[in-house]
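Worksheet for the structure shown next.
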Amino acid sequence: MSTHVSEEVREALHEGRPVVALESTIIAHGLPRPRNLTVARELEERVRAGGAVPATIAVLDGTARIGLDDAGLTRIAEDPSVRKLGHRDLAPALAAGATGATTVSATAWLAETAGLRVFATGGLGGVHREWTVTQDESADLRLLAQVGITVVCAGVKSILDVPATLQRLETLGVTVVGYGTDCFPGFYLSSSGEPVDWTVRSPEEVARVMRARDELGGPRAALVVGNPVPAGRQLDPALHDRVLEQGLAAAREKGVAGQAVTPFLLEFLTTHTEGASLEANLAAVRGNVSLAARVAAADRAGRAAR
């Protein structure tokens, strides 16, 4: 496979220093220009401030890049032709010499193949509402059942069927823990209202779970760390519920279906909350990136002490 690991990331891995993978879809497709580039740089700096090396992942001209320089970040942020690449799209993209931003599934897979242990993102994909009719679920779920990486996230996107997603993760053997909470986070909201079976309260506890999984061996599956957006930064729950219902009704009226539903609803929320949902999303991502850096550092320290 045509993969290039940046010199900074390669040296960090060789020296055993902590590294955090970052997805690039949020840069290319999740944020408005030019703010997206500012946020991309900020997220990398947050990783460094937490004692780890950032590895933003993308595909540039048919090469999977594990770690981008500033020119690479700028291209992903500013080029309108950048494609959105899930795991299934990687082979065609590499073969065609394409350029694309990686989703959760593609980022998680590329990160693990490069030897990274921790990945930070906003919210995972999951089971869509009305699944019994559409059979629509994100490729993130099956991919997370096949890689052993630790994913720090704010739960799954709240426009999805959260209870069904948690059930699917359980079926697939993906471990889910809440960070400082006994409820699964709700992406824009601090809580989805759904309980989690396990709670961890420090980066060191997360790292101990990671090492215990290493020692157990057996089938590979991700460790999902649900880190809630701070209550003071969440989207107002009543506003969230009202606008989401309006968005779902608008999607049905316009015949929006399949892969088009998620971007339609996310854009609807951004517009009809006057940008409040976007700010909640960014607050969640910032918190996840900072926590992931601390987890990666704690994991490194714990393994070094053994």
Side-chain angles (χ1 to χ4, degrees), residues 22-47 54 56 58 73-74 76-80 82-84 100-104 107 119-126 128-129 138 140 151-160 162 165 184-192 226-251 254 256 259-292:
L22 302 172
E23 59 142 308
S24 49
T25 294
I26 188 173
I27 304 170
H29 305 109
L31 297 170
R33 300 183 180 92
R35 191 179 184 188
N36 58 345
L37 181 57
T38 301
V39 171
R41 291 168 173 159
E42 177 196 343
L43 296 180
E44 290 208 341
E45 286 307 309
R46 284 179 176 268
V47 172
T56 302
L73 280 179
T74 300
I76 289 295
E78 296 182 350
D79 185 348
V82 169
R83 300 188 59 156
K84 185 176 182 179
T102 52
T103 65
V104 167
T107 305
F119 166 33
T121 186
L124 304 179
H128 287 242
R129 295 171 185 240
S138 171
D140 294 353
V151 184
V152 181
C153 64
V156 301
K157 295 179 177 66
S158 55
I159 61 175
L160 303 172
V162 178
T165 300
F184 193 60
F187 189 48
Y188 298 126
L189 307 177
S190 297
S191 173
S192 68
N227 181 38
V229 62
R233 300 288 184 87
Q234 70 173 339
L235 182 61
D236 177 72
L239 176 63
H240 170 274
D241 293 349
R242 182 174 68 253
V243 174
L244 178 55
E245 285 303 316
Q246 293 170 353
L248 291 168
K254 295 177 181 296
V256 179
Q259 290 184 335
V261 172
T262 293
F264 175 86
L265 289 177
L266 293 178
E267 179 62 28
F268 191 95
L269 278 162
T270 298
T271 300
H272 290 81
T273 63
E274 299 181 344
S277 65
L278 179 61
E279 296 307 317
N281 182 6
L282 285 174
V285 173
R286 290 180 178 115
N288 295 341
V289 166
S290 296
L291 175 58

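These numbers come from a predicted model, not from an experiment.
- Between Ile27 and Arg41, the closest side-chain pair of non-hydrogen atoms is not below 4.5 Å.
- Listed by first then second residue, pairs satisfying salt bridge (Lys or Arg N to Asp or Glu O under 4.0 Å) with a partner in residues 25-37 read Arg35-Glu279, not counting sequence neighbours.
- To the nearest 0.5 Å, atom OG1 of residue Thr270 and atom CZ of residue Phe268 are 11.0 Å apart.
- Rounding to the nearest 0.5 angstrom, the gap separating the CG atom in Leu43 from the CG atom in Asn288 is 10.0 Å.
- Considering only heavy atoms from C-beta on, Leu160 stays 4.5 Å or farther from Phe187 through its side chain.
- A side-chain donor-acceptor contact under 3.5 Å links Ser190 to the backbone of Val229.
- A 4.5 Å side-chain heavy-atom check between Thr121 and Thr107 finds every atom pair outside the cut-off.
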Only pairs under 3.5 Å count here: list side-chain donor-acceptor contacts from residues 235-250, not counting sequence neighbours, and write none if there are none.
| from | atom 1 | to | atom 2 | distance (Å) |
| --- | --- | --- | --- | --- |
| Asp236 | OD2 | Ala238 | N | 3.3 |
| Asp236 | OD2 | Leu239 | N | 2.9 |
| His240 | NE2 | Ser158 | OG | 2.8 |

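- Listed for the Thr102 side chain is no donor-acceptor partner under 3.5 Å among the backbone atoms of Glu23.
- Side-chain atoms of Asn227 do not come within 3.5 Å of backbone N or O of Val152 as any donor-acceptor pair.
- Across all their heavy atoms, Val82 and Ala28 have their closest contact at CG1-CB, 3.9 Å.
- The heavy-atom pair separating Ile76 from Ala58 by the smallest distance is CD1-CB, 3.8 Å.
- When all heavy atoms are compared, the tightest approach of Leu278 to Pro32 is CD2-CD, 4.0 Å.
- Considering every non-hydrogen atom in both Lys157 and Gly125, the closest pair reads NZ-N, 4.4 Å.
- Closest non-hydrogen pair, Tyr188 versus Asn281, comes out as CE2-CB, 4.0 Å.
- With Thr25 contributing its side chain and Thr103 its backbone, the two residues share a donor-acceptor pair below 3.5 Å.
- Contact of the Leu269 side chain with the Ile159 side chain is registered, since non-hydrogen atoms from C-beta on lie closer than 4.5 Å.
- The distance from the CG atom of Leu265 to the NE2 atom of His272 is 11.5 Å, given to the nearest 0.5 Å.
- We find that Arg46 and Glu42 are joined by a salt bridge, their nearest charged nitrogen and carboxylate oxygen being less than 4.0 Å apart.
- Interatomic distance, Leu31 CG to Asn36 CG, rounded to the nearest 0.5 Å: 6.0 Å.
- The two residues Ala101 and Ser24 have their closest heavy-atom pair at CA-OG, 3.2 Å.
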